[in-house]
Amino acid sequence: MKLHATQTQQYQTVTGYETDWIEINAQRFDYSLLVLPEVAPRAWPVSAFEQLQEAHFEVLAATEPDLVILGTGERQRFLTPGLMASLMARRIGLECMDNQAACRTYNILMAEGRKVALALILPTKRDN
């Protein structure tokens, strides 16, 4: 899906997405990403929801957002409280959504000037 352009081109904006890729400022990525408005997207070493560990959320907490939008894949899934401990200790909010909703929500909050982080889990491509 392609998203419409807004007046946020100086920020890291989701410009398109499908099940196995995301496009940030017209650059396509086919692996899990951590996206912040004013920092270039970077790989996030998670290829499945079941792989999530506390250390992944410590990395998110270190970016000091007010809110983390977690894209959990094709369907919405929820975390156990233990995984969220590092975010909760720093009073950082967390919302879990399917990837499409996470991308749309990130764009809206980022355009409003909110200090938001998008952590998106994309499946790792496997060779046949």
Passing option when Thr15 is tested against Arg28, Gln27, Glu23 for side-chain hydrogen bond (donor to acceptor under 3.5 Å, both in side chains): Glu23

For the side chain of Asp66 and the backbone of Gly93, is there at least one donor-acceptor N/O pair under 3.5 Å apart? no

Gap separating the CD atom of Gln100 from the CD atom of Glu18, nearest 0.5 angstrom: 7.0 Å

Is it the case that the side chain of Thr72 and the backbone of Met97 share a donor-acceptor pair, with hydrogens and angles ignored and the cut-off at 3.5 Å? yes

Minimum-distance pair of heavy atoms, taken over all atoms of Arg90 and Ala62: NH1-N, 3.3 Å

Main chain of Cys96, side chain of Gln76: is a donor-acceptor contact present, judged purely on distance under 3.5 Å? yes

Does atom CD of Gln51 have more than 12 heavy-atom neighbours, drawn from other residues, nucleotides or ligands, at distances under 6.0 Å? yes

Give a yes or no answer on whether the side chain of Asn99 reaches the backbone of Gly73 with a donor-acceptor pair at less than 3.5 Å. yes

Output for pair (Asn107 CG, Ile69 CD1), nearest 0.5 Å, gives 11.0 Å

So for atom CD, which belongs to Glu95, do other residues, nucleotides or ligands contribute more than 12 heavy atoms lying within a distance under 6.0 Å? no

Can you check side chain to side chain contact (heavy atoms under 4.5 Å, CB included) on Asn25 and Gln12, steps first, answer last? CA-CA 6 Å; Asn25 293 351; Gln12 304 303 315; 3.7 Å; yes

Just to verify, which of Ile22, Val35, Leu120 counts as forming a side chain to side chain contact (heavy atoms under 4.5 Å, CB included) with Phe29? Ile22

Within-4.5 Å side-chain heavy-atom neighbours: Leu33 and Leu122: no

What heavy-atom pair brings Thr63 and Lys115 nearest, and what distance separates the two atoms? O-CE, 4.4 Å

Residue pair Ala117 / Tyr106: nearest heavy atoms and the distance that separates them: C-CD1, 4.4 Å

Other than Trp44, what residues sit in its cluster of Ile, Leu, Val, Met, Phe, Trp and Tyr side chains whose heavy atoms are under 4.5 Å apart, directly or through others? Leu34, Val46, Phe49, Leu52, Phe57, Val59, Leu60, Val68, Leu70, Leu79, Leu83, Met84, Leu87, Met88, Ile92, Leu94, Ile121

Shortest non-hydrogen separation from Ser86 to Glu54 and the atoms involved: OG-O, 4.4 Å

How far apart are the closest heavy atoms of Pro45 and His56, and which atoms are they? O-NE2, 3.4 Å

Please say yes or no: joined through hydrophobic side-chain contacts below 4.5 Å, possibly via intermediate residues, are Leu36 and Met110 part of one cluster? no

